[in-house]
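Following: one structure in structure tokens, then a few remarks.
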Amino acid sequence: MPDREKYWTKVWDEKHVFEPDPLTGKKKMFVTVPYPYMNAPVHVGTAFTASRVEFYARFRRMQGYNVLFPWAWHWTGQTIVGMSLRLKKGDASVRRAFVELDGVPEKEVAKFVDPEYLASYYTKVSRQVLKDTGFSIDWRREFRTIDPTYKKFVEWQYLRLRELGYVVQGTHPVVWCPYDRSPTGDADRMEGVGVSPGEFNLIKFHLGEFALVAATLRPETIYGATNLWVNPESEYVEARVDGELWVVSASALTRLTEQKHEVTPVRSLKGSELLGRFAMAPLTGKSLPILPGRFVDAELATGVVYSVPAHAPFDLMALKDIQEGRTQAGRQVKELADAIRPVPILSLKGYSAVPAEDSLRKHGAKDSLDSSLERASAELYSDEFHRGVLTAASGPLAGLTVGEAKQKSAELLAKTGRLAKMWELTEKVVCRCGTRCYVKILENQWFLNYSSPQWKAKAKEVIEKADVFPPEAREWFYSTIEWLKEWPCARRSGMGTKVPWDKEWIVETLSDSTIYMAYYTLSKFVNQEKVTPEQLTPDALDYVFFGKGNPANISKAVRMTEKRLRELRTEFTYWYPVDMRNSAKELIPNHLTFFAFHHAALFPEKQWPRGFGINGMIQIEGKKMSKTTGNFVTWKGALEKYGADPFRLALALTADGMDDADWRDRNAEDAKVKVDSVIPFVKKSLRSSVKREKDVLDDWLLSTMNRRIAQVTQAMQEMKIRRASAAAFLDTWNDIRWYIHRSGKPRRQTLEAVFDAWVRMVAPFTPFMAEGLNHELRGKGLVCQADWPSLRDFPLDEEAEMAETAVNRVVEDARNVLKVVKGSKKRLNVYVCSDGSRGFFVDLASADRLKIGSVTKKHEASKDKTNRTFKLIYELGDELVKKYITARKFDEYGTLSDAAKFMGKELGVDVVVQKDGEKGLRDPSGRAKGALPMKPALYLE
RNA sequence: GCGGGGGUCGCCCAGCCUGGUCAACGGCGCGAGGCUUAGGACCUCGUCCCUCAGGGGUUCGUGGGUUCGAAUCCCACCCCCCGCACCA
């Protein structure tokens, strides 16, 4: 860490500048960012999101707000525990990620088998990184989400939510890992990401007194069934299921148990024992042979399927496997298979009568285990679903579309009593631990009832009343609120807070982080050891956060002084509500909306969040950041490579709105060069400056500063960090450069005033450099505590601005001409328009359309310029024209004459400015009379 | 599929809400010149096409439409990104 950064960090620290306490009468600003999850060190994505709040915090502080920017660490949940576990089991990829991507030393990794150690290590590293980056955080309020006091807070929150009826119990199917004994979300899966439970139809085929139970998603094909498939190698069972006798795979039986069916096994048998027997189909009454299907997965649904070879590539192929000898079969079984012909039951344009045959030909599968059959099935099914119509072969389903027939067939089957349902995964799902998952019905789970219309309405109100930056994000919140249903808010495993009334469960991590911002007001006291976990009873917290109850009695009950208790309350009411919460857009559909829901439920309107800031995701060198591809940059890595200020500036300049931010080394290097050259530039400029009276250029620069300050202020208030930082850092710099270039002899007093404002404008972005520069310019005080630049110090001067515009327009026009004109030219004649022409322009621009006639009458001499003048009025634009009309004192001729030397230098020719209508005019080509206001005539010779 | 956001002159991106000031801001890259012992950095200019007078032509995903006038408004279509839940 460079000395400059170390020095100023220490100064900020010693002066406690970022440790705000309630100050009566001072306006406050409470800004937050979601705490990062400590299964990894913070990375540039975290930095991007958090830096937006950091810039905003520093900006608001300079605007005079008492700003609180706290920080904490997210430890709760399954992920950290899961990673520890995987490491313990010797998973090489986790270890590699720790060492190679996160940069953890080997001897530390060894200790990561303890999840709390893992999290504490990353917390330690990340905290230091944030400090080194110069974040203006009040570290006195730091906490981890497994702290006993935090748990007290969450317990209290859930007790109250439950009392309000927002926590309900329910029974739902989940993707389940029997090894972890826990639901398996996408993040926990090795295979089958995105797969969710679906309901399969179980169709019972009579097999003696038993039912051979086949599973299908396509009951509408029942009329095309020619046979049944079982896997000859797999275990099957005869069992009593919900009072009936079923034959299903052994695996199916355990899963049926998990789905709350009543199950008693009778005897097991091998799949092969079923081969060659016949089972009777419902609806059709056909007797269908049971054949060996090697593709049948006993772990999926019932391990029995029925065969529709006309429409299912798998079935047709499996049949051919037997017929062509690829599947071993006894003679009797083979004869049965040989006799089977596909039975088409729907017509499909673009296919022959047996679509599965076409499909097989197209995809060229070699046997029924060929993986291409997956694709073939999906494609054929999609076509059939969208375009297929059931034929007469389907009896009562004839004429229906596949979608309609699906429903109708299920109804018909249900009527015969030969339909049951079973939850199943449409694709194989494997847990990170390597265990195959299935669907389990979880009973008596706890849910947050986001379905409640009243709650939804209130949450919507929270968003409606808050600022949302950028405004496009608002719609996303509304649709999320509409769309949210019951959210399972408790889990069996992982770190976290136990559900206070049901200690078997742990509050799920997205649900324990919804109102914790309130806890920052308390954590200060906890860290100062002024409050213990035991004191944070629900009653005490009711008082602190709701103002409920009698503080005298409560303080006695929890053995805390009443004064202290009231202090906690004061701290909360001072800081709340949250004024700005910023996060990446991916959190809109969950965390940020939950945050709105929970505040709506628990707090009165005046404590609802006031502002939401949303940013895009981070990309690295134009590609998605990803640990698996190694396209990953840690915050620490970037910080050490470029230094705090360049890192911050590069982040600020990356992106605005919900656009994805692209982290590129080049940009960071560029930012470093820029940051490093500010102070030398300022020093050099001041050295070259002179003490003198103000001229029009000084007025121009001061006026331009006014506009920059306004622009930056506005952008910051709208969380347009990129725009703000670009204007503050780069555009202002260019303005100053232009002034120096244009003026030749910059005025010292002007530069001093401008630099003084500039250093304050860039301070939120590059605070270390700014402190250093401020120290050199002012010699004392801290720029982070200085006032934000005031517009009043930089008067607008429209005439000075117009003068610069006039000069630049001439230079631009002349360049155009010089570019086109061949031959060497020595002298540029600039003819400013006559007063008459100016009067005509003014009258024409201010006249309304109908009175143009009288204007032209008044200005006989300028009449033939009417069209060109109108065109010019359009070209200049309303704003400039208005300015021109009001600026009576503006002297175009004087301005351009004064700038003649400058223009000459820029253009490389002598510039002579004259005014049309003056006597002694030198006008060899007769162009002078064509001059218009802000558009002098030019003549090169 | 559903929901949200986008597609702009080599690249990144501003403009779009509130139509004309838009060949379209800014940055990067590239080219020329300056500065410098040299390089880097820095400064200036140029960077869609044509043009010996400040002009003209063709552009803002595609195709239509509204309008005197559309990057901006309307309709349809194509493409990209994000989210879609027992998980941070």
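To find a chain, count down the sequence lines: A is the first, B the second, and so on, and within it residues start at 1.
B:rC13 atom C1' lies 18 Å from atom CH2 of A:Trp663, rounded to whole Å. Computed from coordinates, the A:Arg189 CZ to B:rA85 C1' distance equals 10 Å when rounded to whole Å. Taking atom CE on A:Met617 and atom C1' on B:rA88, their separation rounds to 12 Å, with Å as the unit. Here the P atom of nucleotide B:rG40 and the CD atom of A:Glu669 are 15 Å apart, to the nearest Å. Summarising the geometry, the separation between CG on A:Leu442 and P on B:rA85 is reported as 16 Å, rounded to the nearest angstrom. For the pair A:Tyr450 OH and B:rC84 C1', the interatomic distance rounds to 16 Å; values are reported in whole Å.
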N/O contacts under 3.5 Å, protein versus nucleotides 53-60 of chain B?
{"unit_1": "B:rA53", "atom_1": "N6", "unit_2": "A:Leu940", "atom_2": "N", "d": "3.2"}
{"unit_1": "B:rA53", "atom_1": "N6", "unit_2": "A:Leu940", "atom_2": "O", "d": "2.6"}
{"unit_1": "B:rA53", "atom_1": "N1", "unit_2": "A:Leu940", "atom_2": "N", "d": "2.7"}
{"unit_1": "B:rG54", "atom_1": "O2'", "unit_2": "A:Asp813", "atom_2": "OD1", "d": "3.3"}
{"unit_1": "B:rG54", "atom_1": "O6", "unit_2": "A:Leu938", "atom_2": "N", "d": "3.3"}
{"unit_1": "B:rG54", "atom_1": "N1", "unit_2": "A:Pro936", "atom_2": "O", "d": "3.1"}
{"unit_1": "B:rG54", "atom_1": "N2", "unit_2": "A:Asp813", "atom_2": "OD2", "d": "2.6"}
{"unit_1": "B:rG54", "atom_1": "N2", "unit_2": "A:Pro936", "atom_2": "O", "d": "2.9"}
{"unit_1": "B:rG54", "atom_1": "N3", "unit_2": "A:Asp813", "atom_2": "OD2", "d": "3.2"}

List, with names and distances, any nitrogen or oxygen atoms from the protein found under 3.5 Å away from nitrogen or oxygen atoms belonging to nucleotides 32-37 of chain B.
none

Could you list, one pair per line, each protein nitrogen or oxygen that sits under 3.5 Å from a nitrogen or oxygen of nucleotides 41-45 of chain B, together with the distance?
{"unit_1": "B:rC43", "atom_1": "OP1", "unit_2": "A:Arg737", "atom_2": "NE", "d": "2.2"}
{"unit_1": "B:rC43", "atom_1": "OP1", "unit_2": "A:Arg737", "atom_2": "NH1", "d": "2.8"}
{"unit_1": "B:rC43", "atom_1": "OP1", "unit_2": "A:Arg737", "atom_2": "NH2", "d": "2.6"}

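As rounded to the nearest Å, B:rG46 and B:rC81 have C1' atoms that lie 35 Å from one another. When the P atom is compared between B:rG1 and B:rA76, the two are found 15 Å apart, to the nearest whole Å. Taking atom P on both nucleotides, B:rG54 is separated from B:rA23 by 16 Å, rounded to a whole Å. For B:rC16 and B:rC74, the C1' atoms lie 14 Å apart once the distance is rounded to whole Å. Nucleotides B:rC9 and B:rU59 have their C1' atoms positioned 7 Å apart, rounded to a whole Å. For B:rC48 and B:rG64, the P atoms lie 27 Å apart once the distance is rounded to whole Å. Distance noted for atom P between B:rA71 and B:rC17: 12 Å (whole Å). Across the C1' atoms, B:rA14 and B:rG6 are found 15 Å apart, a figure rounded to whole Å.
Applying the ring-ring contact (aromatic ring centres under 6.0 Å, His included) rule to pairs touching residues 651-675 of chain A yields A:Phe647-A:Trp663, sequence neighbours excluded. The stretch residues 930-941 of chain A participates, sequence neighbours left out, in these salt bridge (charged side-chain N to carboxylate O under 4.0 Å, His left out) pairs: A:Asp813-A:Lys935, A:Arg827-A:Glu941, A:Arg922-A:Glu941. The list of salt bridge (charged side-chain N to carboxylate O under 4.0 Å, His left out) pairs with a residue in residues 479-489 of chain A, not counting sequence neighbours, is empty.
Backbone-only engagement by A:Pro183 is indicated by non-hydrogen atom pairs under 4.0 Å involving sugar-phosphate atoms exclusively. Nucleic acid contact for A:His591: none, since no nucleic acid atom lies under 4.0 Å from a heavy atom of the residue. Counting any heavy atom pair closer than 4.0 Å across all strands shown, A:Gln78 reaches sugar-phosphate atoms only and no base atom. As judged by a 4.0 angstrom heavy-atom cut-off over every strand, A:Leu484 is placed among the base-contacting residues. Among the protein residues, A:Lys624 comes within range of the sugar-phosphate backbone only, with heavy atoms under 4.0 Å from sugar or phosphate atoms but none that close to a base. At a threshold of 4.0 angstrom between heavy atoms, the contacts of A:Asp660 are confined to the sugar-phosphate backbone, with no base atom among them. Across all strands shown, A:Ser196 has no heavy atoms under 4.0 Å from either base or sugar-phosphate atoms.
Salt-bridge formation is detected for the pair A:Glu798/A:Arg707: a Lys NZ or Arg NE/NH1/NH2 atom is positioned less than 4.0 Å from an Asp or Glu carboxylate oxygen.
Remark: A:Lys460 is positioned above the aromatic ring of A:Tyr478, its terminal NZ or CZ atom under 6.0 angstrom from the ring centre and at most 45 degrees off the axis.
Under the 3.5 Å distance criterion, with hydrogens and angles disregarded, no donor-acceptor pair is assigned to the side chains of A:Thr704 and A:Trp738. For the 3.5 Å distance criterion, the side chains of A:Asp512 and A:Thr497 fail to qualify, holding no donor opposite an acceptor. For A:Ser626 and A:Asn631, the side-chain atoms include no donor-acceptor pair closer than 3.5 Å.
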Could you pull out every donor-acceptor pair under 3.5 Å between side chains of residues 925-933 of chain A and any protein atom, sequence neighbours left out?
{"unit_1": "A:Ser925", "atom_1": "OG", "unit_2": "A:Arg927", "atom_2": "NE", "d": "3.4"}
{"unit_1": "A:Lys929", "atom_1": "NZ", "unit_2": "A:Gly926", "atom_2": "O", "d": "3.2"}

Side-chain atoms of residues 677-684 of chain A: list all donor-acceptor pairs with protein atoms under 3.5 Å, sequence neighbours left out, distances to 0.1 Å.
{"unit_1": "A:Ser677", "atom_1": "OG", "unit_2": "A:Val673", "atom_2": "O", "d": "2.7"}
{"unit_1": "A:Ser677", "atom_1": "OG", "unit_2": "A:Lys674", "atom_2": "O", "d": "3.2"}

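Of the nucleotides present, B:rG83 is the one that pairs with B:rC2 by Watson-Crick or G-U wobble criteria, both distances under 3.5 Å. Pairing of B:rU37, defined by two Watson-Crick or G-U wobble distances under 3.5 Å, is not identified with any nucleotide. Nucleotide B:rA76 forms a pair with B:rU62, judged by Watson-Crick or G-U wobble geometry with both contacts under 3.5 Å. Of all nucleotides present, only B:rC30 satisfies the Watson-Crick or G-U wobble test against B:rG46, with each distance under 3.5 Å. Taking a pair to require two hydrogen-bonding distances under 3.5 Å in either a Watson-Crick or a G-U wobble arrangement, B:rA88 remains unpaired.
Comparing A:Lys819 and A:Leu587 against RNA chain B, the residue whose closest nucleotide sits nearer the 5' end is A:Lys819.
Here the nucleotide nearest the side chain of A:Pro589, chosen from B:rC81, B:rG83, B:rC86, is B:rG83. Taking every side-chain heavy atom of A:Arg723 into account, B:rA14 is the closest of B:rA14, B:rA88, B:rC86.
Lacking a ring centre under 5.5 Å from that of the base six-membered ring together with a plane angle below 30°, A:Trp483 does not count as stacked on B:rG83.
Here A:Ala724 pairs with A:Val712, A:Ala715, A:Met716, A:Phe765 under the side-chain contact (heavy atoms from CB on, under 4.5 Å) rule; sequence neighbours left out. Not counting sequence neighbours, the partners of A:Trp73 by the side chain to side chain donor-acceptor pair (under 3.5 Å) test are A:Glu142. Every residue meeting the side-chain contact (heavy atoms from CB on, under 4.5 Å) condition with A:Gln714, not counting sequence neighbours, appears here in chain and number order: A:Glu718.
Ring centers of A:Phe597 and A:Tyr166: at least 6.0 Å apart, outside the cut-off.
Closest approach of A:Pro41 to A:Asp102, counting heavy atoms only: CD-CG, 3.3 Å.
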Query raised in the report: How does each nucleotide of nucleotides 3-8 of chain B score, in 5' to 3' order, for protein heavy atoms under 4.0 Å: base (B), sugar-phosphate only (S), or none (-)?
Result: BSSS--
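You'll find the side chain of A:Met934 reaches within 4.5 Å of the side chain of A:Met802, heavy atoms only.
Between atom CG of residue A:Leu730 and atom CG of residue A:Asp735 there is a gap of 11.0 Å, rounded to the nearest 0.5 Å.
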